[in-house]
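Structure first, then comments.
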Amino acid sequence: MKFGNLYKLIGIPVMLLAMVAGCTKDPNNPGTEYAPNMYLPVGYEPYKQEKPNPINPMGLTMRLPVEGTVARRNYKTSFGDADSAKVDLMVYNIAADSIGISERVLKNPVPLNEKSLAEGKVLYDRYCQHCHGATGAGDGKVGAMYKGVPNYASDAYKNLNEGHIFHVITYGKARMWPHASQVNPEERWKIVHYVQKLQKGS
């Protein structure tokens with residue numbers, strides 16, 4: 001018998017056996033993965049559990065809070081001292097498409113003083129200047145690439161009130177992206193104070 005015929009006799013049963021074995025499916029086995037680094041994170045990420053975390057219980061990356069933990073917001077809720085203290089939780093639940101409501105009902109709970117204005121300037125320089133420019137003229141280096149960044153002191157923008165500005169910082173508008181994940185409500189209100197200073201051209 002020639003070797004070619006022998007290979008055919010052996011090869012056909014082996015191929016049939018492989019096909020039969022391939023038809024069984026384990027629901028817990030995803031099968032062969034090609035280039036898993038394209039969709040599996042290298043590090044341990046909180047909302048991805050493709051691989052168990054060997055350090056934490058049950059292999060989870062996100063851990064449950066300690067029993068009895070009380071949730072607290074990550075910003076202060078009071079301003080001023082003693083009898084002049086003003087408490088405002090600054091819970092902001094106005095919808096993104098309701099900027100008119102924000103204009104009517106929102107008032108800045110952070111007192112306007114030299115300290116809050118100075119802090120607002122620092123935050124503005126950190127998060128806003130690259131687009132809006134140092135004086136709010138819309139001439140920041142990034143703004144030059146985007147085009148259409150407004151000048152705060154122009155007729156169309158110099159009278160926008162505090163609620164409008166806070167809403168736009170929170171949700172963004174037109175080409176401006178939302179900044180709620182970068183600056184907490186207290187910081188946003190401080191930026192509002194500084195933006196209103198720039199609206200006056202000062």
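Only this structure's heavy atoms are used, side chains among them; waters, hydrogens and symmetry mates stay out. This is a predicted model, so every value here is computed, not measured. One is the number of the first residue; the rest follow in order along the sequence.
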Report the residues that fulfil salt bridge (Lys or Arg N to Asp or Glu O under 4.0 Å) with Glu119, sequence neighbours left out, ordered by chain and then residue number.
Lys115, Lys190
Hey, does the side chain of Asn151 reach the backbone of Gly138 with a donor-acceptor pair shorter than 3.5 angstrom?
no
Sequence neighbours left out, what passes salt bridge (Lys or Arg N to Asp or Glu O under 4.0 Å) with Asp155? Give chain and number order.
Lys158
Out of curiosity, Asn161 CG to Asn108 CG, how far, rounded to the nearest 0.5 Å?
11.0 Å
To the nearest 0.5 Å, atom NE2 of His193 lies from atom CG of Leu198 at 13.5 Å
Give, for atom CH2 of Trp177 and atom SG of Cys131, the distance between the pair rounded to the nearest 0.5 Å.
9.5 Å
Stepwise side-chain contact (heavy atoms from CB on, under 4.5 Å) check, Val105 with Ile94:
CA-CA 10 Å; Val105 304; Ile94 297 174; 3.9 Å; yes
Donor-acceptor pair, distance only, cut-off 3.5 Å: does the side chain of Glu187 make one with the backbone of Asn184?
yes
Ser116 (side chain) donor-acceptor with Pro111 (main chain) under 3.5 angstrom
yes
Rounded at 0.5 Å granularity, tell me how far NE2 in His167 sits from CG in Asp97.
7.5 Å
Drop me the distance from Glu162's CD to Leu112's CG, to the nearest 0.5 angstrom.
10.0 Å
Donor-acceptor pair, His132 side chain versus His130 backbone, under 3.5 Å?
no
Residues passing the ring-ring contact (aromatic ring centres under 6.0 Å, His included) test with Tyr157, sequence neighbours excluded, are none
Considering only residues two or more places apart or on different chains, which pairs with a residue in residues 107-129 satisfy ring-ring contact (aromatic ring centres under 6.0 Å, His included)?
Tyr124-Tyr194
Checking Asp125 now: which residues fulfil salt bridge (Lys or Arg N to Asp or Glu O under 4.0 Å) with it, not counting sequence neighbours?
Lys121
Side chains of Thr170 and His179: does their closest heavy-atom pair fall under 4.5 Å?
no
Not counting sequence neighbours, list each pair that qualifies as a salt bridge (charged side-chain N to carboxylate O under 4.0 Å, His left out) and has a residue in residues 169-180.
none
Run the side-chain contact (heavy atoms from CB on, under 4.5 Å) test on Trp189 and Leu106 for me, step by step, so that the C-alpha distance in whole Å, both residues' side-chain angles and the decisive distance to 0.1 Å come before the verdict.
CA-CA 11 Å; Trp189 283 121; Leu106 291 183; 4.0 Å; yes
Are the side chain of Gln199 and the backbone N or O of Leu160 linked by a donor-acceptor pair below 3.5 Å?
yes
